[in-house]
Every structure is written in structure tokens, then in C-alpha cells.
Amino acid sequence: MKKTKIIQSTALFFIALFFLSSCNSKKEETVVTEIEPKTETFLLAKEKLTTELRLPAELSGFQQVDLYAKVSSFVKVLKVDIGTEVKKGQLLIVLEAPEISSQLAAAESRLKSMEAIYTTSKSTYNRLYETSKVEGTISKNDLEMASGKKNSDYAQYQAAIATHKEVMNMRGYLEIRAPFDGVVAARNVNLGTLVGPGSTLPLLTIQQQDKLRLAVSIPELYTGYLHQGDEMSFNVKSLPDTFKATIQRMSGALDLKLRSERVEMDVHNTKGNLLPGMVAEVILPLNAKDSTFVIPKSALVNSAEGTFVIKVLNHKATRIDVKKGREIDDKIEIFGDLNSNDKLVKIASEEIKESDDIKE
């Protein structure tokens, strides 16, 4: 009986030992067979990225001019007010300057006087010249003096003509006329107002409103994507409609302060619902002329060390410095020392160092 118990105890001991050894071996197998995570990669390819850019812009009259008084005078007649539609050459304001009238009368009197003097001296010279053809009748000196007098009077006569013309021009400045078809956008004078070259405010502001100018400043990064003739759309806050316009003029240079290029479009405001001074939001299509490298945003690393992607070469990591281009959704345009079909890490990070092993 005792021998039987010893045998059972020994059997239980070996069973327990076998169970423990089996557990240890399974644990070791688990550690050995653990699979290391793979790094997801993709092949670099070119594509045309089409995006749009939204920028604030300003509407202004296609032509706009501030009208000032050339001479010191008073407002005698005011024929227009704000909102008045005017035609080119239409009389807008009549000014009054009594001294101009006095100067004009004096200039006319001097002109007539000099004309009479010149006519007389010219007639005298002609008679002397005809008489001098008979030898011995007129001395050569008398003829030369008559010629000099005629030439002097002619110069005085021409000066009187110029003075009279100048005063007439000054008198013309007393009539303010419209330089082009448009609308009176501002009026800063009333009847009897003293105006002149020293006035700080213009008498009137005339705007052409049937055709407007839409100006927008394009950041340096996007200037290469726009060309003359490109169509774009815009809208304003006060109107629900979307309007179309075409790029007509590009400055061809960057503003030194904003580092942007001024682009202008012509807008035909036939309905008159758009007003000069409105702020618009312009939607500019940025269509790339050539295909460029486009990658997922997750493949680009922005760090203190720079902006780079991680290229896989012979299962080793290589950092390639790049410059960013346009962004759309989860894609971004890049430029750098890269070629088509280069293998890049799809989810890159600063933790992947240069020459690290990459398991794909």
C-alpha cells in the first residue's frame, strides 16, 4: 500500500514537470514567432493637380477721375449732383473769376493794338522796298531800319497772340466738363463756394460704372499658374449671384511690400447691380501647365530640421529635402531631387532616421 502511494506521487511529479515544460516552450515559441510591423510605402508618380484659390478683391470704376479747379474762382452754376449720369464733354460746373474777364479784355486790346502796329510797319517796309528798286531814291540804311521795325513789331504781335491764347485757355478752365461717360460719384461744392488750386477736396468725382475693374493681388507662390485670358468667377456679399470675368492685365512684377502680383479683370456691369468699392471674393482656378509630383500629406515631414520625405533605397531610409507646392484635400505638391517610381514612406515621421532599416 505504501509502495503504491510512492508510485502515484512520483507519477504526479512527472506529470506536473511535463506540464510546466510545455508552458515554457509555448511561451518561448510565442516570443520567437512575434512578427515585426512593416512600413507602408508607395511609388512616386506625377499628376496634374487642379485647385482653386479664394482671395479678396476690390471693384472700382474702369475709369475714375477727380475734377479740381485750375484757377481761383467761385462756383457760379452747378448742373449735376451725385448719381447724375453724364456724357463726355457735358458741362458740369461753371466757375466765375472776374479777374480772368479783365485779363481777357486787356489781352484782346493789346492784340488789336499790336496787329495794327505790325500792319503799319509791314506796309511801310513794303513801300520803301518797292521805291528802293529805283536807284538813289531810298538809302540802304533806311530800308534796313524799316525791315528791323517790321520784324520787331511782328514779334510783339506774336507775343500778344500767345498772351491772348493763354488767357482764353484760363477762361476755358472756368467751365468744368465731363472727360468721359460716367456717373457723378461725389460732389464737394455748392453754389458760391470758393475753389482753386489749393483746394484739398475735388469738385466732383466721375466714375465709369457700366464697366468695372476687378483687381486682386496674387501671392508669389501662385503667380505661375495664372495667365492672361483665364476665366474666373467671383461673388459679393450683398448679391447671391456668381459673376464671371476674364484676366485682362497682369503687372508682370511683384509688389515689393506684399510680394504679390496685381491682376486685373474687366467686368461688364450692364445691370448696374455691382458698385465701385465693393469687396469681392475671387475664385481663381490654378491649373498646372505640366504634371508634378503629388504625394499624400502623411508622407511629408515638417520639422526643425526642414521639410523632407523619406525615400527607401536598398531597404534603407534616406531623407530628401523638398519644397511644398499647392495643397488639396489630403494631397500636396512637392519639388525636390526626386524621380518617378521612387519608393517613399507613406506615413513618415521624424523618428525614422537616416539609414534606418525599412521593412516593407
Side-chain angles (χ1 to χ4, degrees), residues 23-56 216-227 230 250-263 282-360:
C23 290
N24 288 334
S25 65
K26 287 181 180 179
K27 186 176 182 181
E28 288 176 1
E29 286 179 4
T30 303
V31 173
V32 172
T33 58
E34 186 177 346
I35 300 174
E36 294 182 7
K38 291 183 178 181
T39 302
E40 187 177 0
T41 59
F42 67 97
L43 295 179
L44 185 62
K46 286 187 174 183
E47 62 178 274
K48 284 189 177 180
L49 192 64
T50 300
T51 60
E52 61 181 30
L53 182 66
R54 293 177 177 266
L55 291 173
V216 60
S217 295
I218 307 298
E220 180 181 359
L221 181 62
Y222 305 106
T223 53
Y225 298 103
L226 298 177
H227 306 88
D230 287 352
M250 302 180 72
S251 65
L254 297 183
D255 180 86
L256 295 180
K257 294 181 180 179
L258 301 176
R259 297 296 172 185
S260 59
E261 182 179 11
R262 182 181 175 89
V263 174
V282 177
I283 306 170
L284 297 167
L286 303 180
N287 300 317
K289 185 184 263 186
D290 302 313
S291 299
T292 54
F293 290 123
V294 179
I295 63 171
K297 289 183 179 179
S298 60
L300 186 70
V301 180
N302 289 300
S303 68
E305 300 175 5
T307 302
F308 59 88
V309 295
I310 298 174
K311 178 179 175 180
V312 180
L313 187 62
N314 297 326
H315 303 288
K316 297 288 186 180
T318 303
R319 291 185 175 184
I320 305 294
D321 293 330
V322 297
K323 290 184 178 180
K324 297 189 295 182
R326 295 170 297 159
E327 299 181 28
I328 179 171
D329 299 330
D330 61 341
K331 293 183 178 181
I332 188 168
E333 197 175 38
I334 61 169
F335 305 92
D337 186 16
L338 295 165
N339 299 304
S340 295
N341 295 321
D342 282 348
K343 191 178 291 185
L344 302 182
V345 175
K346 189 171 184 179
I347 304 177
S349 68
E350 294 181 71
E351 296 177 1
I352 303 176
K353 304 299 182 183
E354 185 78 16
S355 300
D356 281 357
D357 291 328
I358 301 294
K359 186 171 183 180
E360 303 176 51

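The model shown is predicted, which means the values in this text are computed figures rather than measured ones. Along the sequence shown, residues carry numbers from 1.
With sequence neighbours left out, the side chain to side chain contact (heavy atoms under 4.5 Å, CB included) criterion links S349 to E351, I352. Under the rule for a side-chain hydrogen bond (donor to acceptor under 3.5 Å, both in side chains), S251 has no partner lying at least two apart in sequence or in another chain. For K316, the side chain to side chain contact (heavy atoms under 4.5 Å, CB included) criterion is met by D357, not counting sequence neighbours.
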Practice item. Dump the intermediate steps for salt bridge (Lys or Arg N to Asp or Glu O under 4.0 Å) on E52 and R54, then the final yes or no. Key: CA-CA 7 Å; E52 61 181 30; R54 293 177 177 266; 3.6 Å; yes
**Study point:** K359 and H315: CA distance, side-chain angles, deciding distance, side-chain contact (heavy atoms from CB on, under 4.5 Å) verdict
**Key:** CA-CA 7 Å; K359 186 171 183 180; H315 303 288; over 6 Å; no
Point to revise | E333/K324 under salt bridge (Lys or Arg N to Asp or Glu O under 4.0 Å): CA gap, chis, key distance, verdict | key: CA-CA 6 Å; E333 197 175 38; K324 297 189 295 182; over 6 Å; no
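Atom-to-atom distance recorded for R259:CZ and L221:CG is 14.5 Å, nearest 0.5 angstrom. Here the CE-CG distance, from M250 to L226, works out to 5.5 Å after rounding to the nearest 0.5 Å. Taking CG of N341 as the start and CG of L338 as the end, the distance is 12.0 Å to the nearest 0.5 Å. Considering CD of E220 and CG of L254, their distance stands at 5.0 Å, rounded to 0.5 Å. Taking CZ from R319 and CG from D356, the interatomic distance works out to 8.5 Å, rounded to the nearest 0.5 Å. Rounded to the nearest 0.5 Å, atoms OH (Y222) and OG (S260) are 13.0 Å apart.
Atom NZ of K346 has 12 or fewer heavy atoms from other residues, nucleotides or ligands within 6.0 Å. By the neighbour-count criterion of 12 heavy atoms within 6.0 Å, atom NZ of K353 is densely surrounded, having more than that number from other residues, nucleotides or ligands.
By the 6.0 Å and 45° rule, K46 stacks over the aromatic ring of F293.
Across all non-hydrogen atoms, the minimal contact from A299 to V309 is O-CG1, 3.5 Å. Pairing each heavy atom of V322 with each of G336, the nearest pair is CG1-CA, 4.3 Å. Residues P219 and L53 approach most closely at CD-CD2, 4.4 Å, considering heavy atoms. Taking each heavy atom of G325 and F335 in turn, the nearest pair found is CA-CE1, 3.9 Å. Shown here for A317 and I310, the closest heavy-atom pair between the two residues is CB-CG2, 3.8 Å.
When only modelled atom types and interatomic distance are considered, T223 and E261 share no side-chain donor-acceptor pair under 3.5 Å. A donor-acceptor contact closer than 3.5 angstrom links the side chains of T307 and N302.
In this structure, L344 and V312 have side chains that are not in contact, with every pair of non-hydrogen atoms separated by 4.5 Å or more. Residues L300 and I334 have side chains in contact (heavy-atom distance under 4.5 Å, counting atoms from C-beta outward).
Checked by atom type and distance alone, the side chain of E47 never pairs as donor or acceptor with a backbone atom of V294 at under 3.5 Å.
Taking a cutoff of 4.0 Å between a charged side-chain nitrogen and a carboxylate oxygen, K311 and D342 qualify as a salt bridge.
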